[in-house]
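Input: a single structure, listed below in structure tokens.
The first residue in the sequence is number 1, and the count goes up from there.
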Amino acid sequence: MIKLLDLLNEVSLPKDKWVVIPSSELKNYEDEIFSLISNAYSPIGGHPNYKSSKDVSGSESNAEYEAINLDNDPDIEAVSVSKFKPKGKKFSAIGHDGSRLAKIKTINRKAFLLKQPGYFIEVSGKIEDILRAKGVESITDEELVRKVLTGREIEWLGDGKYKRTIGGKTFTKILMGKPKV
């Protein structure tokens with residue numbers, strides 16, 4: 001885990017507040033960030049874009065990594081990963097230490113932001129159900145989904161669902177949120 005004392009020189013990380021880790025510091029925290037992401041995605045076999053810690057400061061270094069400390073120890077409990085796209089800010093991954101509080105804070109933050117203009121996410125499975133229950137809108141219009149995912153090949157399945165290959169694996173997804181269109 002990332003120690004707060006190590007971060008204070010580079011990143012101010014107050015308790016219970018999301019703070020962006022500067023891209024210039026990602027290499028210093030790639031092991032910790034990868035560990036949190038791996039933990040969050042372990043039930044589904046891992047995140048397709050994060051195969052090793054080097055991906056954080058390598059192939060996924062164009063992402064924004066926000067971290068949060070939720071308790072009195074010096075560890076980061078969760079990380080939220082997003083990418084800036086022409087249609088807004090796309091959430092691309094989460095990471096957490098497995099604690100209930102870290103999971104709740106991460107999902108609640110995403111649900112809140114996904115109701116704001118300019119935020120979107122591709123999801124499936126349990127997280128789709130959770131976000132729906134929190135009032136996040138899905139996008140069921142094929143033309144709109146294709147505009148948001150410009151440059152990505154998708155197989156439209158109807159009712160907002162589509163298939164897309166990510167990291168060499170094919171997934172059935174749905175787009176949620178309020179992208180800029």
Measuring from atom CD of E30 to atom CD1 of I21, what distance do you get when rounded to the nearest 0.5 angstrom? 11.5 Å
Any donor-acceptor N/O pair, E77 side chain to L70 backbone, under 3.5 Å: yes
Any carboxylate oxygen within less than 4.0 angstrom of a Lys/Arg side-chain nitrogen, looking at R146 and E143? no
Donor-acceptor pair, S61 side chain versus G58 backbone, under 3.5 Å? yes
Kindly write out the residues that satisfy side chain to side chain contact (heavy atoms under 4.5 Å, CB included) with R132, not counting sequence neighbours, or none if the list is empty. E128, S138, I174, M176
If you group Ile, Leu, Val, Met, Phe, Trp and Tyr whenever their side-chain heavy atoms sit less than 4.5 Å apart, what else falls in with L157? none
d(I33 CD1, K27 NZ) to nearest 0.5 Å is 12.0 Å
Rounding to 0.5 Å, atoms CD1 (I130) and CG (N108) come to a distance of 10.0 Å
For residues 152-181, pull every pair meeting ring-ring contact (aromatic ring centres under 6.0 Å, His included), keeping only residues two or more places apart or in separate chains. none
Give a yes or no on whether K147 atom NZ has more than 12 heavy-atom contacts from other residues, nucleotides or ligands under 6.0 Å away. no
Under the side chain to side chain donor-acceptor pair (under 3.5 Å) test, which residues partner S24, sequence neighbours left out? none
Go through the structure and list residues passing ring-ring contact (aromatic ring centres under 6.0 Å, His included) with Y65, not counting sequence neighbours. none
Value for CD1 (I76) from OG (S35), rounded to nearest 0.5 Å, stands at 11.5 Å
Could you give all pairs that pass the ring-ring contact (aromatic ring centres under 6.0 Å, His included) test and reach residues 33-56, with sequence neighbours left out? Y41-H47, H47-Y50
Would you sort out whether I68 and V19 count as a side-chain contact (heavy atoms from CB on, under 4.5 Å), showing the intermediate values? CA-CA 6 Å; I68 191 168; V19 177; over 6 Å; no
Testing K163, K161, K90, K173 for salt bridge (charged side-chain N to carboxylate O under 4.0 Å, His left out) with E122, which one passes? K90
ring-ring contact (aromatic ring centres under 6.0 Å, His included) contacts in which one or both residues fall within residues 115-149, not counting sequence neighbours: F91-Y119
Test side-chain contact (heavy atoms from CB on, under 4.5 Å) on Q116 and K178; report intermediate values, then the result. CA-CA 6 Å; Q116 312 307 311; K178 296 186 174 192; over 6 Å; no
So with a 6.0 Å cut-off around CG of N72, is the heavy-atom count from everything else above 12? no
Contact summary for A102 and D97, nearest pair of heavy atoms: CB-OD1, 3.5 Å
Validation: residues 80-89 side-chain donor-acceptor distances under 3.5 Å, sequence neighbours left out:
unit_1, atom_1, unit_2, atom_2, d
S80, OG, K110, NZ, 2.7
K83, NZ, E60, OE1, 2.6
K89, NZ, E64, OE1, 2.6

Results of side chain to side chain contact (heavy atoms under 4.5 Å, CB included) for T150 - residues two or more places apart only: none
Can you see whether D31 engages S53 through a side-chain donor-acceptor pair at a distance of less than 3.5 angstrom? yes
Give the cluster check for I139 versus F112: same hydrophobic cluster or not, with ILVMFWY residues linked at side-chain heavy-atom distances below 4.5 Å. no
When rounded to the nearest 0.5 Å, the distance separating CZ of R109 from CG of L114 is 10.5 Å
Under a 3.5 Å threshold, yes or no: a donor from one side chain and an acceptor from the other, between T165 and T170? yes
Partners meeting side chain to side chain contact (heavy atoms under 4.5 Å, CB included) with A40 (sequence neighbours left out): I94, H96
G177 and V136 have their tightest heavy-atom pair at N-CG1, 3.9 Å
Could you pull out all residues at least two apart from I127 that satisfy side chain to side chain contact (heavy atoms under 4.5 Å, CB included)? I107, V123, L131
Sidechain N-carboxylate O distance under 4.0 Å for D16, K105: yes
Between G98 and K103, which heavy-atom pair has the shortest distance, and what is it? O-CE, 3.5 Å
Excluding sequence neighbours, so at least two apart, what forms side chain to side chain donor-acceptor pair (under 3.5 Å) with S59? D55
